[in-house]
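Please read the structure below before turning to the comments.
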Amino acid sequence: MKYVSTRSKIEPINSAEAIIRGIADDGGLFVPESFPKIEMNEIEKFVGAPYVTVAEKILQPFLTDFTEGEIGECCELAYNYFDLPSIAPLGVLVPDEKNPTNQTGVAELWHGPTSAFKDFALQMLPRLMSVALKKTGEKRKILILVATSGDTGKAALAGFADVPQTKIMVFYPDGGVSKIQRLQMVTQTGNNVNVVALRGNFDDVQTGVKKIFGDKEIAGQLDKAGVKLSSANSINWGRLVPQIVYYFSSYARFVSTKQIKLGDKINIVVPTGNFGNILAAYYAKRMGLPVNKLICASNENHILTDFFRTGVYDRNRKFYKTITPSMDILISGNLERLLYHESGNAKTVQKFMQELNDTGKYKIDKSLKKKLDKIFYADYATEAETSEAIKGIFGQFKYLIDTHTAVAFYVLNKYRKATDDMRPAIVASTASPFKFPGAVLNSLGQNVEGIDEFKQLRLLETISNRNAPRNLSSLDAMKILHEDVCDKEEMPERVLKFAAE
């Protein structure tokens with residue numbers, strides 16, 4: 001399998017080189033030249049199979065320059081730090097006669113070391129990168145530069161801490177993540193890590209990081225210091241490809257529950273910000289997973305809902321800070337990959353991205369919109385609707401969900417009412433509810449104003465009769481190690497300084 005850029009015609013490269021580079025020299029994203037096919041008889045073998053087995057099978061056709069042994073070792077190491085042997089359990093909410101909505105599978109993607117779905121990719125990426133560095137003979141130190149809206153930062157820090165030949169630097173929006181998310185990052189240990197808060201929102205953070213990647217002068221200075229930039233955001237193919245796995249695994253587990261039969265089409269609902277997680281579901285569909293609709297669920301920053309409905313992507317709008325901070329995004333970086341795959345034209349994508357950079361918006365043509373309409377449905381949930389979903393799911397099933405997962409549930413309900421499509425669906429549950437205890441408790445009717453976030457966490461344990469993940473409940477006793485704050489104009493200086501240390 002070879003990889004090309006979304007923005008111009010380049011000489012195809014192998015996966016090891018794409019993983020190390022992170023982003024193409026033309027500013028585009030690396031995409032596979034084709035989609036490997038997973039036949040139904042292979043999916044049948046996934047039913048009852050360990051998660052690692054499914055991962056090895058899905059990753060192999062994308063990483064053809066890696067040996068089976070190398071992929072197997074990466075998988076074993078990556079999934080060794082999850083708190084359940086099943087890695088990604090599937091809960092199934094089956095309605096009763098009084099509540100006649102259809103079966104919904106809940107893919108619990110938060111049993112990793114940082115209690116968010118990003119762990120699946122960011123425990124894998126450092127392993128893939130270590131192998132890739134050996135394969136390519138790269139001698140420079142790799143500086144992983146990350147923009148985060150909350151979860152990616154900690155997951156990347158946990159994955160890359162003290163990994164040889166790497167350094168990792170994370171920028172996050174000051175005041176734009178939850179207290180627990182912030183503490184997860186600023187308490188991170190490791191001789192190769194650095195965390196900086198940026199005065200601004202996530203789009204300021206992401207734009208600043210992208211500019212650094214595209215700055216040839218900075219690249220030259222880093223090269224002199226023996227350092228090469230790479231990314232752990234989902235713009236890096238090595239970060240995105242492991243996320244395809246859990247859609248195949250979740251489907252197989254849905255089959256094993258007898259709620260669906262092998263070959264039945266399902267809908268998949270993903271709470272969406274930067275578009276990476278739902279893009280992984282799109283790849284799974286293109287590879288042969290029986291999927292009817294991909295349902296893109298947004299919060300009050302519903303730029304993606306508007307895009308899929310109108311064909312116009314316009315980030316010239318008010319930005320809202322919400323109880324779903326990981327979705328507080330107006331620039332969905334991975335949408336570029338979808339536009340490339342469905343238009344088949346790098347020049348078209350380059351034109352869209354230039355228009356986005358120059359004017360803050362672009363418009364796709366009717367032909368491309370028609371293609372997307374066949375694949376995607378998009379809607380959003382307000383904060384009140386998000387809280388309603390948390391309360392409703394807990395009241396009906398005694399099942400606790402976080403705010404982001406609640407957005408997905410509410411949008412699924414909207415979709416079913418709007419279309420009468422009541423087929424079974426899988427909801428991507430992207431974070432532990434204990435990462436956002438205040439918002440979850442408020443949704444359950446508890447007044448937590450003035451109550452410390454860790455007292456909130458313990459109250460949520462009592463109400464739900466569940467224990468919070470240890471990596472969250474122990475945070476209040478950990479020492480804060482990273483207190484740096486900067487303006488966006490200072491980002492290049494901070495990066496060069498850390499690279500030289």
Side-chain angles (χ1 to χ4, degrees), residues 104 149-150 201-203 206 234 267-282 285 291-339 341-343 352-353 355-356 359-366 368-390 401-421 425-431:
T104 303
S149 57
N201 60 37
F202 174 71
D203 291 324
Q206 183 166 244
S234 53
N267 296 319
I268 294 178
V269 196
V270 187
T272 309
N274 208 29
F275 207 75
N277 201 6
I278 196 167
L279 183 69
Y282 165 82
K285 177 178 168 68
V291 176
N292 173 52
K293 280 285 185 182
L294 296 173
I295 300 173
C296 178
S298 299
N299 66 7
E300 288 177 349
N301 294 294
H302 47 78
I303 190 167
L304 287 168
T305 303
D306 295 345
F307 168 72
F308 281 111
R309 289 180 176 177
T310 68
V312 177
Y313 192 97
D314 187 354
R315 63 178 173 85
N316 302 306
R317 60 178 68 204
K318 185 176 179 180
F319 177 86
Y320 296 98
K321 287 186 177 181
T322 73
I323 58 174
T324 48
S326 298
M327 300 163 68
D328 289 346
I329 293 173
L330 294 181
I331 303 176
S332 300
N334 269 294
L335 189 60
E336 180 174 340
R337 281 186 167 111
L338 176 68
L339 296 174
H341 290 306
E342 289 301 319
S343 71
F352 290 153
M353 296 304 107
E355 289 175 359
L356 183 64
T359 69
K361 65 179 181 179
Y362 59 85
K363 182 178 181 179
I364 63 175
D365 61 35
K366 290 181 180 178
L368 181 52
K369 185 177 183 303
K370 191 174 181 179
K371 288 182 179 180
L372 298 183
D373 287 344
K374 290 181 180 178
I375 304 168
F376 291 90
Y377 173 92
D379 211 327
Y380 71 97
T382 66
E383 290 206 337
E385 290 168 339
T386 302
S387 293
E388 183 184 326
I390 292 171
I401 56 175
D402 89 297
T403 51
H404 303 76
T405 307
V407 167
F409 267 103
Y410 200 91
V411 170
L412 173 59
N413 190 45
K414 278 187 173 181
Y415 171 80
R416 284 172 167 168
K417 287 180 178 178
T419 64
D420 285 329
D421 178 2
I426 288 178
V427 169
S429 181
T430 54

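Keep in mind that this is a model prediction, so the values were computed, not measured.
Side chains of Lys371 and His341 form no contact here, defined as non-hydrogen atoms less than 4.5 Å apart. Contact check for Asp365 versus Leu368: side-chain heavy atoms found under the 4.5 Å cut-off. Between Asp203 and Ile329, the closest side-chain pair of non-hydrogen atoms falls below 4.5 Å. Contact of the Leu338 side chain with the Leu279 side chain is registered, since non-hydrogen atoms from C-beta on lie closer than 4.5 Å. Contact of the Leu335 side chain with the Phe307 side chain is registered, since non-hydrogen atoms from C-beta on lie closer than 4.5 Å. Side-chain contact between Glu336 and Phe275: absent, with no pair of heavy atoms (C-beta onward) separated by less than 4.5 Å. In this structure, Leu304 and Tyr313 have side chains that are in contact, with non-hydrogen atoms separated by less than 4.5 Å. At a threshold of 4.5 Å between non-hydrogen side-chain atoms, the residues Thr403 and Ile390 count as touching.
Side chain of Asn301 to main chain of Phe319: no donor-acceptor pair is present (N/O by atom type, distance under 3.5 Å, no hydrogens or angles). Of the possible donor and acceptor atoms, none in the side chain of Asn274 sits under 3.5 Å from a partner among the backbone N and O of Gly276. Remark: the backbone N or O of Leu372 is not paired with any side-chain donor or acceptor of Glu342 at under 3.5 angstrom. Not a single donor-acceptor pair under 3.5 Å links the side chain of Thr322 to the backbone N or O of Tyr320. Judged by distance alone, the side chain of Asn316 and the main-chain N or O of Thr359 form a donor-acceptor pair under 3.5 Å. Not a single donor-acceptor pair under 3.5 Å links the side chain of Lys369 to the backbone N or O of Gly311. A donor-acceptor pair under 3.5 Å is formed between the side chain of His404 and the backbone N or O of Ser326.
Atom CD1 of Ile295 and atom CG of Asp379 lie 10.0 Å apart (nearest 0.5 Å). Between the OH atom in Tyr282 and the CG atom in Asn334 there is a gap of 12.5 Å [rounded to 0.5 Å]. Atom CG in Asn267 sits 4.5 Å away from atom CG in Asp421 (nearest 0.5 Å). Taking NZ of Lys321 as the start and CD of Glu300 as the end, the distance is 15.0 Å to the nearest 0.5 Å. Annotation: the span from Thr430 atom OG1 to Ile401 atom CD1 amounts to 10.0 Å, rounded to 0.5 Å. Taken to the nearest 0.5 Å, the OH atom of Tyr380 stands 7.0 Å off from the CZ atom of Arg309.
Side-chain contact check for Arg416 and Thr104: at least one donor-acceptor pair (N or O, by modelled atom type) lies under 3.5 Å.
Here the closest heavy-atom approach between residue Ile323 and residue Ser387 is recorded as CD1-OG, 4.1 Å. Listed here is the closest heavy atom pair of Ala381 and Val411: N-CG2, 4.2 Å. Nearest heavy-atom pair, Asp373 versus Phe308, reported as atom, atom and distance to 0.1 Å: OD1-O, 3.7 Å. Scanning all heavy atoms of the two residues, the minimum distance from Glu385 to Lys414 falls at OE1-NZ, 3.8 Å. Shortest non-hydrogen contact noted between Gly273 and Ser332 is O-OG, 2.7 Å. Taking each heavy atom of Val427 and Ala408 in turn, the nearest pair found is CG1-CB, 3.7 Å.
Ring planes of Tyr415 and Tyr377: perpendicular class, angle over 60° (limits at 30 and 60°).
Asp314 and Lys363 are not joined by a salt bridge, as no carboxylate oxygen comes within less than 4.0 angstrom of a charged side-chain nitrogen.
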